[in-house]
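Here's the structure, in structure tokens; my notes come after.
All heavy atoms count here, side chains included; hydrogens, waters and symmetry mates do not.
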Amino acid sequence: MPSRLVIRGGKTIKGEVPASGAKNSCLPVMAASILTSEPVTIGRVPDISDVWVMADILRKIGVKVDYDPKLSTLTLNAANINSVKPPEHLVSRMNASFDVAGPLLSRFGEAEVAMPGGCKIGQRRVNYHISAFTAMGADVICEGGLVKAKAKTGRLKGARYIFPTSSVGATANAMMAAVLAEGTSVLENSAREPEVADLATCLIKMGAKISGVGTQTLTIEGVEKLHGTHHDIISDRIECGTFLLAGAITEGDVTVTDFDSYLLGAFLEKLTKANQEVIVKDNNVRVIGRRPIAPVEIFTAAFPGFPTDLHPPIVALLSLAEGTSVLQENIFSSRFMYVMELARLGADVLSNDNHIRVRGVKKLTGAPVDAPDLRAGGALLLAAFAAEGETVMRGVRYIDRGYQHFEERFRSLGADITRVNEPLEELEWPDSACRH
Ligand code: EPU
């Protein structure tokens, strides 16, 4: 049943919330379980729909999946994989599902994986993934919506590959392909995102030989076999940033615990520039919302730059700044669908090419809105918390993809947010036919 959210804005968001495990770390680590016939146990698994789609994909190719909700752990046992072709209808539901290609190819010398789907925020190409597999000695063809890869000699061979631009997914996939290859691989211009480093840490615990973790050059000496392990996922920096912004936008005071501020350096710097009080202590990050919100200039970039996934959420904050902010989106070509929705709440936001201009307004007012993707959903939640009156939001399934138990957690901080499961035709809605 489709859901909508009803948010009554104007409440101050205040209190402490523990960080969840990172979605973008958990998904590739789940895929990495394919690399061994021994069980891999993952701790701090976020209870979000993307994780359950990945679990389904793994189950369908023969991985035994056991979830312990009390401990938030998943145990994945890939001893009896029976297919190198995961079901297309599941793979096409999210981008990260393509992460299974590298491990399948690495362990079984073969993989047939559908072109991935996911949030419509720009081209989500897999050409770098394919080039890296090819460099390692795979024949790859794209046919009928499938990427079909086969190691020429039955086993991949270590190779040097330079990514044309930084790619999180392609680095993860190439690294997983290389760990069981024959010989040494050198991956240059690799993504340095903490989630890629977390995957490398897990692979090393499984017996992989990887050096240069966290740098742009990863050197991987292929091994014959990997073994099982236990790995706790790092904290979700995008979720953390969204909670902190909720404190800032409502003139509240939010502390995210179990969180290493290093993961959000560039973002916290911008929040400080926006006149918000940022306090980092031990493993906690606290933001006290202040007025006026100062306008800032932002360029999204690969880590350690400002994360593209916090672009829509911070624009929600800047929509209430005293002055005009400018943001340049440098990672995804069409992450701008949310602009129109923010405007429904009264924001003065304009997108042009990859630029956003945000003229601060005095207040936002509640309205019916439609989240067009996951992080846009985060932005609309924030704007709705600050808006006067009631916001009714559709597109909740996108938010469910990446924000764990978000209603309960925001409610525990004082937000007035309710999920209603009702047939959509009963709702009165502005015309949105051309939006999907
Ligand atoms: N690109 C190519 N060819 C490729 C791969 C990427 O041209 O083969 C381009 C993309 O089109 C994009 C850029 O490179 O313009 C960066 O893409 P990247 O591969 O780094 O992104 P991703 O792996 O598809 C991950 C996260 C995204 C996050 C980006 C950037 C996961 C599951 N997803 O995507 O997270 O925005 O890195 O940091 O890890 C989200 O969580 O909402 C989300 C979209």
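- Applying the salt bridge (Lys or Arg N to Asp or Glu O under 4.0 Å) rule to Glu269 yields no partners; only residues at least two apart in sequence or on another chain are considered.
- Enclosure of atom CD in Glu188 by more than 12 non-hydrogen atoms of other residues, nucleotides or ligands within 6.0 angstrom is indicated.
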> Going through the distances and angles, do Thr418 and Arg411 end up as a side-chain hydrogen bond (donor to acceptor under 3.5 Å, both in side chains)?
Replying inline: CA-CA 9 Å; Thr418 319; Arg411 255 199 309 270; 5.1 Å; no

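- Within the structure, every pair that satisfies the side-chain hydrogen bond (donor to acceptor under 3.5 Å, both in side chains) test and touches residues 294-306, not counting sequence neighbours, is listed here: Thr300-Glu329.
- For residues 344-397, the ring-ring contact (aromatic ring centres under 6.0 Å, His included) pairs, not counting sequence neighbours, are Phe385-Phe410.
- Sorted by first then second residue, the side-chain hydrogen bond (donor to acceptor under 3.5 Å, both in side chains) pairs that include residues 30-39, not counting sequence neighbours, number zero.
- Heavy atoms of other residues, nucleotides or ligands lying less than 6.0 angstrom from NZ of Lys14 number 12 at most.
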When the side chains of residues 236-253 are checked against the rest of the protein, which donor-acceptor pairs come out under 3.5 Å, sequence neighbours left out?
| residue | atom | partner | partner atom | Å |
| --- | --- | --- | --- | --- |
| Asp236 | OD1 | Ile238 | N | 3.0 |
| Asp236 | OD1 | Glu239 | N | 2.9 |
| Asp236 | OD2 | Lys23 | N | 3.1 |
| Arg237 | NE | Glu195 | OE1 | 3.4 |
| Arg237 | NE | Glu195 | OE2 | 2.8 |
| Arg237 | NH2 | Glu195 | OE1 | 3.0 |
| Glu239 | OE1 | Ser20 | N | 3.1 |
| Glu239 | OE1 | Ser20 | OG | 3.2 |
| Glu239 | OE1 | Arg409 | NH2 | 3.1 |
| Glu239 | OE2 | Ser20 | OG | 2.7 |
| Glu239 | OE2 | Arg409 | NH1 | 2.8 |
| Thr242 | OG1 | Ile238 | O | 2.8 |
| Thr242 | OG1 | Tyr403 | OH | 3.0 |
| Thr250 | OG1 | Ile13 | N | 3.0 |
| Thr250 | OG1 | Ala246 | O | 2.8 |
| Asp253 | OD1 | Arg286 | NE | 2.9 |
| Asp253 | OD2 | Arg286 | NH2 | 2.7 |

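- Scanning for salt bridge (Lys or Arg N to Asp or Glu O under 4.0 Å) contacts around Arg290 gives Glu277, with sequence neighbours left out.
- Annotation: salt bridge (Lys or Arg N to Asp or Glu O under 4.0 Å) contacts involving residues 345-358, sequence neighbours excluded, comprise Asp348-Arg357, Asp348-Arg359.
- By the ring-ring contact (aromatic ring centres under 6.0 Å, His included) test, Phe406 is found to be paired with no residue, residues two or more places apart in sequence or in another chain being considered.
- Applying the salt bridge (Lys or Arg N to Asp or Glu O under 4.0 Å) test to residues at least two apart or on different chains, the pairs with a partner in residues 56-66 are Asp56-Arg59, Lys64-Asp66.
- Scored by the ring-ring contact (aromatic ring centres under 6.0 Å, His included) test, Tyr262 finds Phe303 as partners (sequence neighbours excluded).
- Asp400 is linked by a salt bridge (Lys or Arg N to Asp or Glu O under 4.0 Å) to Arg419, counting only residues two or more places apart in sequence or in another chain.
- The ring-ring contact (aromatic ring centres under 6.0 Å, His included) test applied to Phe133 returns no partner, not counting sequence neighbours.
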